Amino acid sequence: MPELPEVETVARQLVPLVRGRTVVGLRVLDPSLKHGRFPRVAGRQVVDVTRSGKRVLFHFSPCASRDGELWLAVHLRMTGRLIWVDESRGPETKHLRARFRLDRGALLFYDTRRFGTFRFYRSFEDTLPGGVDPLSQGLNSREIGRMIGNSKQNIKAWLLRQDRLVGLGNIYASEILFVAGISPLREASSLTAVEHDRVLRATRRVLRRAIKNCGTTFSDFQDTQGLTGSYQNYLAVYGREDEPCPRCRAPVVRLVQQQRSTYFCAQCQE
DNA sequence: ACCCTCCTGTCA
DNA sequence: TGACAGGAGGGT
């Protein structure tokens, strides 16, 4: 469940569960999730859990007698899930890829498709994503226009880039363009200043509402600690091919851009 | 600025 | 059996 609102939801839900606890150990069951060097994490405390782009960022205190602080970025990709269990007895082991044991309880990482990654960092600066968080203060529509520049990409593909805006994925890109009333087929550089403003406003409106609803959850598994979003009930166009557009009742169109589905209303979005 | 691939599962 | 799935890095 991996776009900005889902990752934000995961991070927020983990804070009260793991903050202040001491790590007993980390066991990696699937070596392919390891990226970069893996320092020793046992004995450190979890200082905080936040979101960095689409990654869940764990901040660890220094070890008693070792070097400095440590950060771990967990990227859930398509199917990664972080599940908290109080008793480590008898949890589901299918697709279990890593296990964090804390002083009480454990944090389990499940990932069916095994695209997820763990990456450790020695400094906070190194964890910073390449793009701008769309919910960050200070971002304005002029900056959107500047980032788009003369990009020849279609605006849907541009929104999916993580080196400009971070956090948008396939669901929210379609939803944002619907709210903004802009066709996903438009060349990014063709957007006007007014449309840059509509894109930014739509982005923030959609993301905030999705976060308020704990994100979008398709599969009907319920995560141990209530990681079940409800925003799927509010999706205007995503996954709704041939259903009536909520604004004009014309059938929602599905098309493929960059090998990924895009949904939009050909009547309302120009 | 694309297309493919990584991996596993589900559904028509 | 083939299309498709919330992602992104690598190659052309």
Side-chain angles (χ1 to χ4, degrees), chain A residues 1-11 28-36 51-56 73-82 92-98 109-119 129-131 134 147-178 184-190 203 206-207 209-211 213-223 227-242 254-263:
Chain A
M1 28 192 45
E3 296 182 48
L4 187 154
E6 291 75 35
V7 179
E8 179 75 27
T9 300
V10 170
V28 173
L29 304 166
D30 177 6
S32 72
L33 64 75
K34 293 176 77 166
H35 281 232
R51 176 184 61 80
S52 174
K54 288 181 188 173
R55 301 168 305 165
V56 181
V74 174
H75 203 312
L76 276 35
R77 294 290 176 94
M78 301 284 268
T79 53
R81 292 179 292 148
L82 286 165
E92 175 66 54
T93 55
K94 193 179 183 186
H95 301 146
L96 179 62
R97 310 300 184 196
F109 179 68
Y110 293 91
D111 188 9
T112 304
R113 292 176 70 179
R114 303 169 59 212
F115 290 162
T117 59
F118 281 24
R119 182 166 212 127
M147 288 192 288
I148 287 177
N150 63 352
S151 171
K152 300 295 181 219
Q153 285 184 300
N154 62 63
I155 185 61
K156 156 55 154 54
W158 189 88
L159 288 175
L160 293 181
R161 298 177 60 153
Q162 302 298 302
D163 60 340
R164 296 296 189 266
L165 291 177
V166 285
L168 305 183
N170 209 38
I171 295 179
Y172 295 107
S174 282
E175 293 299 306
I176 286 163
L177 289 172
F178 174 77
L185 296 165
R186 286 275 298 283
E187 185 177 306
S189 65
S190 76
T203 298
V206 167
L207 293 180
R209 188 154 180 244
I211 290 170
N213 288 277
C214 298
T216 301
T217 313
F218 286 142
S219 34
D220 38 34
F221 62 70
Q222 47 260 30
D223 287 352
L227 205 169
T228 314
S230 56
Y231 195 73
Q232 62 275 13
N233 301 321
Y234 303 96
L235 294 174
V237 289
Y238 184 87
R240 299 196 184 280
E241 183 177 18
D242 293 334
R254 171 184 174 273
L255 58 87
V256 176
Q257 296 176 292
Q258 278 75 41
Q259 287 97 240
R260 310 200 67 192
S261 292
T262 301
Y263 298 86

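Side chains included, hydrogens not; waters and symmetry mates left out as well; all remaining heavy atoms used. Note that the structure is predicted; figures quoted are calculated from it, not measured. Proteins get letters first, then strands, A, B, ... in listed order; numbering begins at 1 in each.
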_Same-atom distance (C1') from dG9(B) to dG9(C), integer angstrom_ = 23 Å

*Which part of the nucleic acid does Arg161(A) contact within heavy-atom distance under 4.0 Å: base, sugar-phosphate only, or nothing?*
sugar-phosphate

*Nearest of dT8(B), dA1(B), dA5(C) to any side-chain atom of Thr112(A)?*
dT8(B)

_At less than 4.0 Å, is any side-chain N or O atom of Thr79(A) found next to OP1 or OP2 of dA5(C)? Yes or no._
no

*Interatomic distance, Phe218(A) CZ vs dC11(B) P [rounded to whole Å]*: 14 Å

*Could you tell me whether the side chain of Arg260(A) has a donor or acceptor atom within less than 3.5 Å of a complementary atom in the base of dA5(C)?*
no

*Between dA5(C), dC4(B), dA1(B), spot the one nearest the side chain of Gln259(A), thanks.*
dC4(B)

*Heavy-atom distance under 4.5 Å between the side chains of Tyr263(A) and Arg240(A), does that happen here?*
no

*Length of the CZ-P vector between Arg119(A) and dG7(C), whole Å*: 20 Å

*Answer yes or no: is there a side-chain heavy-atom contact under 4.5 Å between Glu6(A) and Thr217(A)?*
no

*Whole Å only: how far is the CZ atom of Arg97(A) from the P atom of dC7(B)?*
11 Å

*Do you know the tightest heavy-atom contact between Leu4(A) and Val166(A)?*
CD1-O, 3.9 Å

_Check whether Phe109(A) forms a cation-pi arrangement with Arg97(A) (NZ or CZ under 6.0 Å from the six-membered ring centre, at most 45° off the ring normal)._
no

*asked:* Could you tell me how far apart Phe115(A) (CZ) and dA8(C) (C1') are, to the nearest whole angstrom?
replied: 10 Å

*Is any side-chain N or O of His95(A) closer than 4.0 Å to OP1 or OP2 of dG9(B)?*
yes

*Tell me the partner of dC7(B), counting only Watson-Crick (N1-N3 plus N6-O4 or O6-N4) or G-U wobble (N1-O2 and O6-N3) with both under 3.5 Å; none if nothing fits.*
none

_Distance-only side-chain donor-acceptor flag, Thr79(A) / Arg113(A), under 3.5 Å_ = no

*Starting at CG of Leu168(A) and ending at P of dA8(C), how long is that distance when rounded to a whole Å?*
10 Å

_Atom-pair distance (CG on Asp111(A); P on dA8(C)), nearest Å_ = 13 Å

*For dA8(C), does either OP1 or OP2 sit under 4.0 Å from a side-chain N or O belonging to His75(A)?*
yes

*Side chain of Met78(A): nearest nucleotide among dG7(C), dC2(B), dC4(C)?*
dG7(C)

*Taking the side chain as every heavy atom from C-beta outward, state whether Val206(A) and Tyr231(A) have any pair of such atoms under 4.5 Å apart.*
yes

*Would one find a side-chain N or O of Arg77(A) under 4.0 angstrom from OP1 or OP2 of dC7(B)?*
no

*Within this structure, what is the CD-to-C1' distance between Glu187(A) and dA1(B), rounded to whole angstrom?*
11 Å

*If you check every side-chain atom of Gln258(A), which of dA1(B), dA8(C), dC2(B) has the closest atom?*
dC2(B)

*Between the side-chain atoms of Arg114(A) and the base atoms of dC7(B), is any donor-acceptor pair under 3.5 Å?*
no

_On the nucleotide dA5(C), are OP1 or OP2 found under 4.0 Å from the side-chain N or O atoms that Ser261(A) carries?_
yes

*Considering only side-chain heavy atoms of Arg113(A), which listed nucleotide, dA5(C), dA8(C), dA1(B), is closest?*
dA5(C)

*Of all the nucleotides listed (dA1(B), dA8(C), dG9(B)), which has the minimum atom distance to the side chain of Lys54(A)?*
dA8(C)

*Once you round it to whole Å, what is the distance between P of dC3(B) and CG of Leu160(A)?*
14 Å

